[in-house]
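Let me begin by presenting the structure, written as structure tokens, before commenting on it.
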Amino acid sequence: AVAWRFRDRVLPPSVSIGATLAAKFFLWPLVVWLAATRRVRTAILAVAIGFALLLATWAAIGFAGLLEYPDLLRRLERTIGEDSYTLRIVLLDAGVPATAARAGWLLLGVLLVVGIGVLGRRGDDTGSFMVAIAAALALTPIVWLHYFALLLVIVAIAQPSLGILWFVPLAMVLTPGSGHPTPFQTAWTLGVAAVVVLLSVRTSWVSRPVSERDPFVEARAP
């Protein structure tokens, strides 16, 4: 939210995204958003700040466990990944083979990252940012229910005043957040999240002036 609010400046989004990368690296698609919307200097600074903060925090504990950390993450995914809200789990629950399920999950993530770049290059700053949030949620192998609170950021951007869009995420009330979702709960949660993203992008697009939606409109005008 801070990165979006101060997106036309350099330091605030760099610090906010950099700190986020150090704490929760799965939001790295925001760096792609910065680069795609021609904020390359901000993107580079965000990565540098994130790396510096990560280095400083590891240094504070004498780099204890640094080399073992990647293996710890892999073991964590194997242990609790089956209880995660991801497309891979939905496909596995549907009987899709493990390799195909992982491939489908990664394909969705790649398409979303490409979407960040395409929308950003076309001048759709808002849409690119929203898809970056969606890509972050789609690509992380472990997704807890509270991660979907990020959807409130894109809802607020798409519809600053209270409207119908604000009530769509409430459909997740059907998911208890127990940490051990059933196949229905996993699929329902991801379905609601997808609807929120699509409606937010559409609402933002429709609310833009025609000249911004179609950059050639002025050229065609008499």
Side-chain angles (χ1 to χ4, degrees), residues 1-60 66 69-70 72-74 76-77 81 84-88 102 105-144 146-158 190 193-194 196-198 200-201 204-205 208 212:
V2 171
W4 174 259
R5 174 63 179 81
F6 300 101
R7 62 191 179 281
D8 293 327
R9 296 167 62 179
V10 175
L11 194 57
S14 297
V15 173
S16 62
I17 293 178
T20 300
L21 292 178
K24 288 286 187 181
F25 186 72
F26 78 90
L27 281 166
W28 61 265
L30 289 175
V31 177
V32 180
W33 162 67
L34 289 174
T37 53
R38 297 176 175 82
R39 299 180 176 97
V40 178
R41 184 173 61 162
T42 307
I44 294 174
L45 185 57
V47 172
I49 290 174
F51 180 77
L53 288 174
L54 194 62
L55 192 64
T57 51
W58 277 109
L66 178 61
Y69 191 67
L72 175 63
L73 292 179
R74 286 191 292 269
L76 183 65
E77 182 183 354
S84 187
Y85 295 86
T86 66
L87 177 63
R88 184 178 73 86
R102 181 172 290 273
W105 167 61
L106 290 175
L107 178 61
L108 173 63
V110 170
L111 290 175
L112 288 172
V113 172
V114 171
I116 300 170
V118 171
L119 291 173
R121 287 298 177 181
R122 289 183 176 179
D124 188 356
D125 198 359
T126 308
S128 182
F129 180 85
M130 292 177 177
V131 174
I133 296 294
L137 291 171
L139 278 169
T140 181
I142 300 176
V143 181
W144 303 117
H146 64 271
Y147 281 25
F148 294 103
L150 287 167
L151 296 176
L152 293 178
V153 177
I154 66 175
V155 168
I157 293 172
L190 292 182
V196 171
V197 172
L198 291 173
S200 297
V201 172
S204 173
W205 180 261
R208 295 174 65 189
E212 292 184 14

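For the single chain, residues carry numbers from 1 onward in sequence order.
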- Message: Could you check whether any side-chain N or O of Ser128 sits under 3.5 Å from a backbone N or O of Asp124, counting only pairs where one atom can act as donor and the other as acceptor?
- Response: no
- Query: What is the distance from atom CG of Asp125 to atom CZ of Arg122, rounded to the nearest 0.5 Å?
  - Reply: 15.0 Å
- Query: With ring centroids as reference points, do Tyr147 and Tyr85 lie under 6.0 angstrom apart?
  - Reply: no
- Side-chain heavy atoms of Val113 within contact of Leu139, under 4.5 Å: yes
- Is any side-chain heavy atom of Val153 closer than 4.5 Å to a side-chain heavy atom of Phe129? yes
- Give a yes or no on whether the backbone of Ala136 and the side-chain of Thr140 come within a donor-acceptor separation of less than 3.5 Å. no
- Considering non-hydrogen atoms only, spot the tightest contact between Ser200 and Ala158 and give its length. O-CB, 3.4 Å
- Query: With no hydrogens and no angle check, is any side-chain donor or acceptor of Arg7 less than 3.5 Å from a backbone partner on Trp4?
  - Reply: yes
- Query: Would a 4.5 Å heavy-atom cut-off, applied to side chains only, mark Arg102 and Leu106 as touching?
  - Reply: yes
- Query: Are any of the side-chain heavy atoms of Leu45 and Val10 separated by less than 4.5 Å?
  - Reply: yes
- Task: For residues Ala132 and Trp33, report the shortest heavy-atom separation together with the two atoms involved.
- Result: CB-CB, 4.0 Å
- Message: Restricting to non-hydrogen atoms, name the atom on Leu21 and the atom on Ala46 that form the minimum distance, rounded to 0.1 Å.
- Response: CD1-O, 4.2 Å
- Message: I need the minimum non-hydrogen distance between Gly120 and Arg38, along with the two atoms involved.
- Response: O-NH1, 4.0 Å
- Message: Please check: side-chain N/O of Thr42 versus main-chain N/O of Ser14, any donor-acceptor pairing under 3.5 Å?
- Response: no
- Nearest heavy atoms of Ala19 and Leu53, plus distance in Å: CA-CD1, 3.6 Å
- Does a sphere of radius 6.0 Å around CZ in Arg121 hold more than 12 heavy atoms from other residues, nucleotides or ligands, not counting ones at 6.0 Å or beyond? yes
- Approximate separation, where rounding is to 0.5 Å, of Leu112 CG and Leu107 CG: 9.5 Å
- Is any side-chain heavy atom of Leu150 less than 4.5 Å from a side-chain heavy atom of Leu27? yes
- Note on the structure: Thr37 meets the side chain to side chain donor-acceptor pair (under 3.5 Å) criterion, sequence neighbours left out, with Arg39
- Answer whether the closest heavy-atom distance between the side chains of Leu137 and Leu151 falls below 4.5 Å. yes
- Side-chain heavy-atom pair Thr20, Trp28 within 4.5 angstrom cut-off: no
- Please determine which of Leu152, Thr126, Ile133 meets the side-chain contact (heavy atoms from CB on, under 4.5 Å) test together with Ile157. Thr126
- Message: Quick one: does any side-chain atom of Ser16 pair with a main-chain N or O of Pro13 as donor and acceptor, under 3.5 Å?
- Response: yes
- Item | Non-hydrogen atoms of Pro141 and Thr86 that approach each other most closely | O-CG2, 3.7 Å
